[in-house]
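So the structure is just underneath, and the comments pick up after that.
Just so it is clear, the values below take in all heavy atoms, side chains as well, and ignore hydrogens, waters and symmetry mates. Because the structure is a prediction, the values reported are computed rather than measured.
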Amino acid sequence: DISWILKAITVKPIGVCLDTGHAYLAGYLWNVAHQLEGYIRMVHASDNRGKYDEHLPPGEGGIDWLRFFRELHSTKFDGAIIMEIAGDAEPRHILESASRARRFLHDCARNLAPDFH
């Protein structure tokens, strides 16, 4: 539905935030980057195990992040990637998980673009 809405809007520029957890649960994570090509300005990166929106740190659920980044990279995406993770644990644990996830996402991106910083 969002593709139809975006194409119907005549005021430009307009963009969307792609939520990886929601797209994975809906079953369209692998083609959403192409469906929304040119509109994605930001990615909320969170993982889950396919049952509900757990907001796990990327790399701790079922999402194949390298596959997702390949799809996203092929659309020439150059927006922001922001982790959206649950905050229901001890603060130290949340920060450690976020740090691991950041390194994980960085490594995925580096696999696609060796000059990525």
Side-chain angles (χ1 to χ4, degrees):
D1 291 343
I2 196 166
S3 295
W4 180 84
I5 292 168
L6 290 170
K7 288 178 178 125
I9 295 173
T10 57
V11 178
K12 304 289 183 194
I14 188 166
V16 298
C17 175
L18 169 61
D19 188 304
T20 59
H22 294 175
Y24 183 64
L25 287 172
Y28 60 82
L29 182 60
W30 311 128
N31 59 5
V32 72
H34 296 288
Q35 289 176 339
L36 300 176
E37 186 170 350
Y39 294 104
I40 302 171
R41 304 288 186 263
M42 179 185 304
V43 173
H44 276 182
S46 67
D47 214 335
N48 63 65
R49 296 178 185 98
K51 302 263 191 252
Y52 61 95
D53 199 14
E54 298 169 87
H55 291 105
L56 296 173
E60 293 188 17
I63 294 177
D64 179 345
W65 288 93
L66 193 51
R67 180 179 175 188
F68 171 71
F69 275 119
R70 274 190 205 107
E71 297 298 325
L72 191 62
H73 183 68
S74 72
T75 68
K76 308 289 189 251
F77 170 77
D78 69 351
I81 298 174
I82 299 172
M83 284 189 290
E84 182 184 23
I85 58 178
D88 55 0
E90 293 288 324
R92 183 180 56 80
H93 177 70
I94 295 168
L95 291 173
E96 288 169 356
S97 295
S99 182
R100 267 193 318 275
R102 182 190 175 282
R103 283 190 303 273
F104 173 78
L105 292 176
H106 192 267
D107 289 346
C108 286
R110 186 169 287 165
N111 277 330
L112 295 172
D115 58 344
F116 174 77
H117 294 91

Taking all heavy atoms of [X] and all of [Y], pick out the closest pair and write down the distance.
X	Y	result
Asp88	Ile94	N-CD1, 4.1 Å
Asn111	Leu66	CB-CD1, 3.9 Å
Met83	Pro58	SD-CD, 3.9 Å

Test item: Ile85 and Glu60 side chains (from C-beta on) under 4.5 Å apart, heavy atoms: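 No. Closest side-chain heavy atoms not under 4.5 Å.
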Any Arg67 side-chain heavy atom under 4.5 Å of Leu29 side chain: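 No, every pair of side-chain atoms sits at 4.5 Å or beyond.
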Joint cluster assignment, Val43 & Phe104, ILVMFWY side-chain distance < 4.5 Å: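 Same hydrophobic cluster.
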Hydrophobic cluster identity match, Val32 and Met42, side-chain contacts under 4.5 Å: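 No, it is not one cluster - the side chains of Val32 and Met42 are not joined through contacts under 4.5 Å.
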Nearest 0.5 Å, what's the [atom1]-[atom2] distance between [X] and [Y]?
X	Y	atom1	atom2	answer
Leu36	Cys17	CG	SG	11.0 Å
Asn48	His55	CG	NE2	9.0 Å
Cys108	Arg103	SG	CZ	13.0 Å

Closer than 3.5 angstrom, by distance alone: can the side chain of [X] be matched with the main-chain N or O of [Y] as a donor-acceptor pair?
X	Y	value
Ser99	Leu95	no
Asp47	Ile63	yes
Arg41	Ile14	yes

Determine all donor-acceptor pairs shorter than 3.5 Å in which one atom belongs to a side chain in residues 72-80; sequence neighbours excluded.
from: Ser74; atom 1: OG; to: His34; atom 2: NE2; distance (Å): 3.4
from: Ser74; atom 1: OG; to: Glu71; atom 2: O; distance (Å): 2.7
from: Thr75; atom 1: OG1; to: Leu72; atom 2: O; distance (Å): 2.6

All pairs passing side chain to side chain donor-acceptor pair (under 3.5 Å) where residues 15-30 contributes a residue, at least two apart: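 Matches after skipping sequence neighbours: His22-Asp53.
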Parallel, tilted or perpendicular, as decided by the 30° and 60° cut-offs, for the rings of Phe69 and Trp65: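 Tilted: the ring planes of Trp65 and Phe69 meet at 30° to 60°.
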For Arg102, salt bridge (charged side-chain N to carboxylate O under 4.0 Å, His left out) partners two or more places apart: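 Testing Arg102 for salt bridge (charged side-chain N to carboxylate O under 4.0 Å, His left out), a comparison that skips the adjacent residues, returns none.
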